[in-house]
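Notes follow once the structure below has been shown.
Values below: every heavy atom of this structure, side chains too, minus hydrogens, waters and symmetry copies. Below, chains carry the letters A, B, ... as their sequence lines are ordered, and counting in each starts from 1.
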There are 2 protein chains.
Amino acid sequence: MPSYFTRPLSKLVGELEKLPGVGPKSAQRLAFHILRLTAEEVESLSQAILEAKEHVRACSICYNYSDQDTCEICRDARRDRSLLCVVADARDLVAFERTSEYKGLYHVLQGVISPMDGVGPEMLRIRELQKRIAEDGFQEIIVATNPTIEGDATAMYLAAILKPLGLKVSRIAHGMPVGGDLDYADQATLVQSLEWRREM
Amino acid sequence: MPSYFTRPLSKLVGELEKLPGVGPKSAQRLAFHILRLTAEEVESLSQAILEAKEHVRACSICYNYSDQDTCEICRDARRDRSLLCVVADARDLVAFERTSEYKGLYHVLQGVISPMDGVGPEMLRIRELQKRIAEDGFQEIIVATNPTIEGDATAMYLAAILKPLGLKVSRIAHGMPVGGDLDYADQATLVQSLEWRREM
């Protein structure tokens, strides 16, 4: 297929196709779009890619992305330092930040336990989590991994190692999404919404 | 929103969001993916973008994309030089090349006539098309612009200026797509499929 394009163009299409969610068709569309940009716009895009890779690293405390040794959240004196929310990925942290509701700190595991993918607990930032908990005196650890098999297994693993330390360990609720329709909800969600029910 | 990200990351998300078909959510997904690539992979992506912009230009004969003065198709001695297929965009040319059926040459208009967008015939490569036709002795001009209002208008404009030169000017067929379902086809397509009908 790349033979239909001139070489630098087929190389660009090939690079773009490697990106997640970008198929051959959208790679082609993106490449043609890039050719129509001004030289400055192309420079700016190419530069942003290089600079993000170069300057963004993991916060040395919570493993959120940061351009300094520690991230803005860890440095922010207004955050509630008694609460720690454990997420699998920095994306999940961003999702909580968007709500503007959570004021505690975070810990990014950088993955979930997944024997199928060969990811064991030792490959996640769990040792670092244990160290933080031992040193920083949190009152509650909220485990906010996804409600999936891997996310739930990771949550259970964390509860097993953290609860013996006498800490309150909680899990984000599983149930019906707000605005959802019972008629369209999957069985697993319905079962969870019963199991997690609360007296009104 | 960008404040949830560290600055180089929010800059990258911003750049990616400018791409067609990339919303805030996929820009974020792409950015996080890029951060997980190796330094070599990121370099290669960034380089492909710069090089495509730098080295790809329009073929001086047909306006297809090329990394040389003339494109591979125009240079290919095996192509049928009596047939000229006129397309709006280099992407459309690629679509025909994929079929491996068409062996003639192409002419890329670099757009279609669209008064709504302020694109008049003088902004397309129509003068260059007229010059090629005057010099190169084609037997047939196939107008392969999209079956849209703008594509059809452009086709009619081309027919009006080319037919007086005594040339055979044809239009790609409009009708039911192969594998399509009459029950789901839009009215305009059904009308066209009747109008373009052919004796069996």
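- No continuous path of ILVMFWY side-chain contacts below 4.5 Å connects A:Ile172 to A:Trp196, so the two sit in separate hydrophobic clusters.
- Summarising the geometry of B:Pro8 relative to A:Glu51, their closest heavy-atom pair is CB-O, 4.1 Å, with the distance given to 0.1 Å.
- Interface remark: of the candidates A:Lys18, A:Arg29, A:Arg7, A:Glu41, A:Arg29 forms the most heavy-atom pairs closer than 4.5 Å to chain B.
- Note on B:Leu93 and B:Ile61: separate hydrophobic clusters, where clusters join Ile, Leu, Val, Met, Phe, Trp and Tyr whose side-chain heavy atoms are under 4.5 Å apart, directly or indirectly.
- Atom CD1 of B:Ile149 has 12 or fewer neighbouring heavy atoms from other residues, nucleotides or ligands inside a 6.0 Å radius.
- Ranking B:Ala39, B:Pro20, B:Ala31, B:Ala52 against chain A, the residue ahead of the rest is B:Pro20, based on heavy-atom pairs under 4.5 Å.
- Counting heavy-atom neighbours within 6.0 Å of A:Gln187 CD, excluding the residue itself, gives a total of 12 or less.
- For A:Asp69, the side-chain contact (heavy atoms from CB on, under 4.5 Å) test picks out A:Ser60, with sequence neighbours left out.
- The two residues A:Ala48 and B:Glu15 come nearest to each other via the heavy atoms CB-CG, 3.6 Å.
- With a 4.5 angstrom heavy-atom cutoff, B:Ser100 touches chain A only via side-chain atoms.
- Through chains of ILVMFWY side-chain contacts below 4.5 Å, B:Leu50 is grouped with A:Leu12, A:Leu16, A:Leu19, A:Val22, A:Leu30, A:Ile34, A:Leu37, A:Val42, A:Leu45, A:Ile49, A:Leu50, B:Leu12, B:Leu16, B:Leu19, B:Val22, B:Leu30, B:Ile34, B:Leu37, B:Val42, B:Leu45, B:Ile49.
- Within residues 101-112 of chain A, no residue has a heavy atom under 4.5 Å from a heavy atom of chain B.
- In the hydrophobic cluster analysis, where Ile, Leu, Val, Met, Phe, Trp and Tyr join through side-chain heavy atoms closer than 4.5 angstrom, A:Ile126 is grouped together with A:Leu165.
- Residue pairs meeting the ring pair (Phe, Tyr, Trp, His ring centres under 6.0 Å) criterion with at least one member in residues 127-163 of chain A: none, sequence neighbours excluded.
- In this structure, the side chain of B:Thr6 does not engage the main chain of A:Tyr65 through any donor-acceptor pair within 3.5 Å.
- In this structure, chain B has heavy atoms under 4.5 Å from both the backbone and the side chain of A:Glu43.
- Only the side chain of B:Asp89 comes within less than 4.5 Å of a heavy atom of chain A; its backbone N, CA, C and O stay farther away.
- The CG atom of B:Asn64 sits 13.5 Å away from the OH atom of A:Tyr4 when rounded to the nearest 0.5 Å.
- Ranked by heavy-atom pairs shorter than 4.5 Å toward chain A, the options B:Glu54, B:Lys11, B:His33 are led by B:His33.
- Linking ILVMFWY residues whenever their side-chain heavy atoms come closer than 4.5 Å, directly or via other members, places A:Ile161 and A:Val86 in the same cluster.
- Nearest approach of B:Phe5 to A:Arg98, heavy atoms of both residues: CZ-NH2, 4.3 Å.
- There is no contact between A:Ser26 and chain B, counting heavy-atom distances below 4.5 Å.
- Hydrophobic clustering keeps A:Met156 apart from A:Met123 (ILVMFWY residues linked when any side-chain heavy atoms are closer than 4.5 Å, directly or through intermediates).
- Closest approach of A:Arg36 and B:Lys53 over heavy atoms only: C-NZ, 4.3 Å.
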